[in-house]
Amino acid sequence: MDGPTATISPESRQLAELMETLVKENRAHMADFVEAMRLRDEFSTRIGRRTTQIIRFSAAALVVMGTGMMVLILTLILHMNEITHRMDDMTGHMASMRNDFSQVAGNVNNMDNKISMINSQFSVLTGQMNYMTRDLNTMSSPMRLMPFRP
């Protein structure tokens, strides 16, 4: 019994075997843990890559939409200046038309007064024509007695 195993008791040997089994199980568990951590890291990396792709596509879409909106706003601003200019022109024309309509209304009133005056003058003329007809009939009554024939 010269070796190191000669002095080892059976309880120590059982304890050593138990420890050796525990160490093997612990190594297996640690290997499983390391593998799980590696898989978790790969999964996190994949999630990070997909999230980065989503963010990139979203940023690109926002840039495209922003550019489109800026073009639309710029176009609207350019056309708003033209619309404003045309509206100013229309305002000038409307003011001119208002003045023209005021003149037309004045002319219509003037024409109404003149037509009333013409009507009164025709009434006077008609009265005078009737008076002249009576005078003419009175003057020509002696002529009717004469035997002239036209």
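Position 1 is the first residue of the sequence, and the numbers go up from there.
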Checklist entry - Taking it one step at a time, do Lys24 and Arg27 satisfy side chain to side chain contact (heavy atoms under 4.5 Å, CB included)? => result CA-CA 5 Å; Lys24 284 181 185 178; Arg27 282 186 183 158; 5.7 Å; no
Item to check | Residue list, salt bridge (charged side-chain N to carboxylate O under 4.0 Å, His left out) with Glu25, at least two apart or on another chain | outcome: none
Next on the checklist: For Arg86, I'd like to know if atom CZ has over 12 heavy atoms of other residues, nucleotides or ligands within 6.0 Å.
Outcome noted: no
Item to check | Asp32 CG to Met37 CE distance, which is reported to the nearest 0.5 Å | outcome: 11.5 Å
Item to check | Separation between CG of Leu125 and CG of Asn130, rounded to the nearest 0.5 Å | outcome: 9.5 Å
Item to check | Student check: side-chain heavy atoms of Leu18 and Gln14 closer than 4.5 Å | outcome: no
Checklist entry - Do His85 side-chain atoms and Asn81 backbone N/O form a donor-acceptor pair below 3.5 Å? => result no
Item to check | CZ-CZ distance between Arg38 and Phe33, expressed to the nearest 0.5 angstrom | outcome: 14.0 Å
Checklist entry - Rounded to the nearest 0.5 Å, how far does CG of Leu39 lie from OG of Ser44? => result 10.5 Å
Checklist entry - When you check the gap from the basic side-chain N to the acidic O, do Glu17 and Arg13 get nearer than 4.0 Å? => result no
Checklist outcome for this item: Interatomic distance, NE2@His29 vs CG@Leu22, rounded to 0.5 Å, equals 9.5 Å
Checklist entry - Met94: which other cluster members, linking ILVMFWY side chains closer than 4.5 Å, directly or transitively? => result Met97, Phe101
Checklist entry - Atom OG1 in Thr126, atom CG in Asn119: separation rounded to 0.5 Å? => result 10.0 Å
Checklist entry - Is the shortest heavy-atom distance from the side chain of Val124 to the side chain of Ser120 under 4.5 Å? => result no
Checklist entry - Taking Ser96 for the side chain and Gly92 for the main chain, is one N or O donor matched with an acceptor at less than 3.5 Å? => result no
Checklist entry - Which hydrophobic side chains are connected to Val104, either touching it within the sub-4.5 Å cutoff or through other members that do? => result Val108
Checklist entry - For Ile83, what are the other residues in its hydrophobic cluster, where any two members join if their side-chain heavy atoms are less than 4.5 angstrom apart? => result Leu76, Met80, Met87, Met90
Checklist entry - How far apart are the C-alpha atoms of Met117 and Asn113, what are their side-chain angles, what is the distance that settles it, and do they pass the side chain to side chain contact (heavy atoms under 4.5 Å, CB included) test? => result CA-CA 6 Å; Met117 188 173 65; Asn113 293 336; over 6 Å; no
Item to check | Non-neighbouring partners of Glu11 that pass side-chain contact (heavy atoms from CB on, under 4.5 Å), sequence neighbours left out | outcome: Ser9
Item to check | Co-members of Ile73 in a cluster of I, L, V, M, F, W and Y side chains, linked at under 4.5 Å | outcome: Ile77
